[in-house]
Every structure is written in C-alpha cells, then in structure tokens.
Amino acid sequence: MSGTAETLLEVRNLSRHFGAHQVLGDVSFDLRRGEILGLLGPNGSGKSTVLNIVSGFLAANGGSIGLNGRPIVNAGPENVTAAGLVRTFQLPSMPRRMTVREVVQAGDATTATLASATRPLRFDNEVDELIAAFNLGPVAGLPASSLSGGQKKLLSVAVALRCRPRILCLDEPTAGVHPNLRAEMVRILRRYNAEGVAMLVVEHDMLFIRDLCHRCVVLDRGEIIADCAPASLEDNPRVVEAYLGKAVEKGKLAS
Amino acid sequence: MSDFLIHVASIACIYGMLALSLNLQMGFTGLVNFGLIALFGCGIYGAALAHVMGWPLIAGLAAALVMAGLLGLFFARLGRRLSSDYWGIATLSIAEVIRITVMNESWTGGAQGISGLTLLFGDLRPWDGLARLGLFALALFATYLLCEKLVRSRFGLAMKLMREEPQLARALGHDINGIRARVMLISAAIAAVAGVLYAHYLTFVGPDQLVSADTFLIWSMVIVGGIANNRGVVVGAVLMQFAMAFVPFAKDLLGLPTDFVAAARLILVGGGILLFLLLKPQGLLPERVGAGK
C-alpha cells in the first residue's frame, strides 16, 4: 500500500485517543485519483474520527496525511480545504438568514476578500450551474435553513463542490434521505466523479456503497479489517462478523 | 429649542455610527461585543491625548485609530480561543478594566478627565451647531455607505456564513480568524472616528463616558432598529437618542424628582431591549434575507 503517482491522499499510521480511550490504533489507507472510496464500520469504529482528522477539524496524536504529496495533518480545516480536500457534515445545519443561492456563492472562499466590497455583489455562473445540477432551482431564493433534510444534504454537497475540490469527503450523505433522492445523489456524484473529483464516503447504506464506491475500507475498533471491492465484502468473515452481521448470508446483499 | 434639537441630532449621528459599528460585529458577523464603549474610548482619549500634547486634531485622529485598531485586534485575538458568549463577557471585562485604569491614572486626567479640547467649527458662531451637525451627518452617511458596501459583497456573505454556521464556513475554507480580525479593525476604526468627533464636540473627555451602560444603550439601538439592517440601526439610534433626550421634559411635565431622569433612561434601555427581544426580535426594520442580487 505504498504511495504511487496514482495516490491522491495518503493516510499513514493515524492514531488518536480521547483520554485513555484509543479511538484509532494505526490506520493507513490510500485514495487514488478518480476513485470513490467507501469508509465503513460499525458505530464507534472511528470512521468519523478519521474524517475529522483528514478534514483538519481534529488533531491526530500520531501519523501523517499527504494530499498530493503535501502534508496536511493538523493543518486546520481552512488550509485543508485550500489544499483541495473538502468535507460535508452528517447533519448539515444551514443558515437561517441566507438564501440557498447565497450559501452556494459563499462556498467559494477564495474571492470573499475585503477587496470584494469595492464591487457590487455578483453571483458566479457556477452557482446557478450547481443549483441546477442538484435540482435546487425552485428553492434557490429561500432561506437555506427552510429546506427539507434531504435538500439540505444536496445543498451541502453542492456547496462543497463550489470549492472545486480534488477530494470530496462525504459524511453519511444519504442518512435520512428518501430512496428516490438517494438514486439522484448517486447519479450526481458519479457525474462529478467522472469530471475528476475523488471521493471518500462514510456511509451505512450498503446499496448506496455498492452503487457508488470503487473500493471499501472497513474499520472496526480503530483498526482497518478489510480493504477490498464492495462486492467482496460479504466474503470476508471479519467484515461479516464486525459489521454486516452474522445473519447476512453470502449473496443476500445482492438481492 | 432649535439649539437643543441640533444638539440631540448631533449626538444621534455619533451614536448612529456606533450602532453601525456594533451592527457589523454583532448583526452581520455574530461577534457579541459588550465592550464596544472601549473602542469609542480610544477615540475620545486619542483626541484628548493630542490636546494634552499640543498636537493637531488630525494627529489625535491618527492616535485614536491606532489605539482602537490595537484594541480591536486584541479583542479579535481573544475570539480565537473563546466561544461567542464567553467572548462577550471578556470584552465587557476588558472595557471595565480600561475604564477603571483611565480613572486612576494621572496621564489620563483621572476622574476629572481632560477638558478644554477645541470645539469643532467654534469660530463659525452662531452657525457652528449646524456646521457640526452637517459634519456628523456626513460622517454617519459615509459610515452607512461603507457598511452597506461591506455586507453586500462576497466578504459580507462570508461574514454572514461565519455568523450562523462557523463550522461550515471553516469547512469551506473561510479563515474565520481573519474575518473576525478584519471586521474588528473596521468597526474599531468607525468607533474611533465617532469618539474623536464626540470629544471635539463636548470639548471634555472623562471616564464617565466609558461606562458599560453606554454599550448597552448602543445595543438597544441595534435591537430596536433591526439587527443586521444598517438603515434600521440608524433609525434605532435616532429614536433611542431622542427618547433619552426627552426624558427630562417628561419629568418636568409629571412633576417628578431629578433622580427620575437617570432611572428612566436605564429603564428605557433595558425595557427597549427586553420588549423588542420578546415581541419583535427582528426590530423595526428586519434584516432583508437575499437582498444581495
């Protein structure tokens, strides 16, 4: 698992403890260019901790993270985003006194300088393109907090893409989302993936994972127990025991 | 009576600038500053310092801007480590520390303060009052334009995102420490200019002008007028200032004792804040969501 030219994100020997509680032992994995990587595991296995450290919101106790060969561990979220990695949140909370369109525009931090105050506020074409791509056109003028839970998830992904990331980290993008919207989400994410955005997806929905991900890493109690294609997850007895559950028999997920 | 009206309108203009300054911080960026009066204090004592040293007015303005800028940056620096409610308490404490220090130091004139500052347009008598009002109104209008430009820009969108969803703002790459520092610098400069004008209007500077009750008067102007609406907070400043000024007339009319004036003013501030927060929290002119096109 050594980093190659194909490696975009290189996570090595990541560890983190909260007090005496070791949440991450020694986590290493790669995300390759153009890849969609699923990060799976039972509750408390350390998925969110990995995501928080990778996105710069949490400091690691040990280990390194390279983005395109550049170290980003403990760099702070704004610097990680500037380096090309942006994340969404499991429960996207949206502003009450900003419209959807304003929030998408605000996703571009690079032009939000003091000097921008010398010019009238203009929205980029990309804002309307993203709003159209995520079917948010009818609600674009509404306060962002007034959207439904599913629409907020779509908006949070749209805003994250506004940063023009090389890597998009998604924290449970379909939790609490209607199946129709979930299919829509897969379609949209595939489209941006085809345009070159690599993704790291934390998710519990196995159908979503199978539809979207090229590869999966499974965490259990802070250790990686599997690194394989989604289709071979159920062949791995450790994954079945720790995550999928013993009741899942071979072939059942495919149905 | 007309002199009195000119006086009240002049003070209302200065408080309007302070309300705009607080609105940039609290209304648009979510910076709950309870120590605003200390930034204003940098303005009035900057002017007083220049007077004592025999410097020209413009040097006093420069000193005021430097002191207010440093204090604003210090406030902003504290905000890195403190959540917004604790930051509010810290700003209030620092403002009080500054007031008490000013009261007990000799170079600031102590409790007696410093008097004899030049009166702006003093040689234009009898038109000096109107000339001052004109200058103050111009300064208020310029401040209003500056604030409008700021909040209706991409930087303004970043301020609002930081106000409501700081975590999302950081995830999207916004440097919230940088935004806080910039907003504090700009609002400190506004408060300092207001302070210099005020000092050269009253021609007297003292620690009584730094009491935290005045911070809450400015808060009441913002809350009554409309949080995050620049026009609203100017309306709030004018309304509150005129209400304050007419308390003595109400006292005479009702034949009440002199203590009534100070008490009634405090009740107006506290009551105004409470009444609006309970019944009309968005204020007289609510924030216009999505007004930026």
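Not measured: the values here are computed from a predicted model.
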Item to check | Over all atoms of both residues, closest heavy-atom pair of Met98(A) and Val289(B) | outcome: N-CG1, 3.9 Å
Next on the checklist: Out of Arg163(B), Glu148(B), Glu287(B), Arg182(B), return the one with the most heavy atom pairs under 4.5 angstrom to chain A.
Outcome noted: Arg163(B)
Checklist entry - Is it the side chain or the backbone of Ile186(B) that comes within 4.5 Å of chain A heavy atoms, both, or neither? => result side chain
Item to check | Under 3.5 Å: donor-acceptor pair, side chain of Glu164(B), backbone of Arg96(A) | outcome: yes
Item to check | Closest-packed option against chain B by number of heavy-atom pairs under 4.5 Å, given Ser93(A), Pro165(A), Gly107(A) | outcome: Ser93(A)
Item to check | Segment of Thr111(A) engaging chain B (4.5 angstrom heavy-atom cut-off) | outcome: both
Checklist entry - Would you say His174(B)'s side chain and Thr110(A)'s backbone share a donor-acceptor pair under 3.5 angstrom? => result no
Item to check | For chain A, the option from Ala171(B), Gly178(B), Ala158(B), Gly156(B) that forms the most heavy-atom pairs under 4.5 Å | outcome: Ala171(B)
Next on the checklist: Whether the side chain of Thr99(A) engages the backbone of Gly290(B) through a donor-acceptor N/O pair (distance < 3.5 Å, no angle test) should be reported.
Outcome noted: no
Next on the checklist: If you apply the rule side chain to side chain contact (heavy atoms under 4.5 Å, CB included), what do you find for Asp108(A) with Leu172(B), and how did you get there?
Outcome noted: CA-CA 7 Å; Asp108(A) 177 19; Leu172(B) 296 174; over 6 Å; no
Checklist entry - Say you draw a straight line from CZ of Arg97(A) to CZ of Phe28(B); how long is it, rounded to the nearest 0.5 Å? => result 9.0 Å
Item to check | Contacts with chain A made by residues 57-76 of chain B (heavy-atom distance under 4.5 Å), listed by residue number | outcome: none
Item to check | Close approach to chain A in residues 224-238 of chain B, criterion heavy atom under 4.5 Å | outcome: Ile227(B), Ala228(B)
Item to check | Worked check of side chain to side chain contact (heavy atoms under 4.5 Å, CB included) between Arg154(B) and Leu121(A) | outcome: CA-CA 6 Å; Arg154(B) 292 183 176 195; Leu121(A) 178 57; 3.8 Å; yes
Next on the checklist: Heavy atom to heavy atom, less than 4.5 Å: which residues from residues 66-82 of chain A reach chain B?
Outcome noted: Pro77(A), Glu78(A), Thr81(A)
Item to check | Any residue meeting salt bridge (Lys or Arg N to Asp or Glu O under 4.0 Å) with Asp205(A), in chain and number order, not counting sequence neighbours | outcome: Arg182(A)
Next on the checklist: Surrounding CG of Asn125(A) (heavy atoms of other residues, nucleotides or ligands, distance under 6.0 Å), is the total greater than 12?
Outcome noted: no
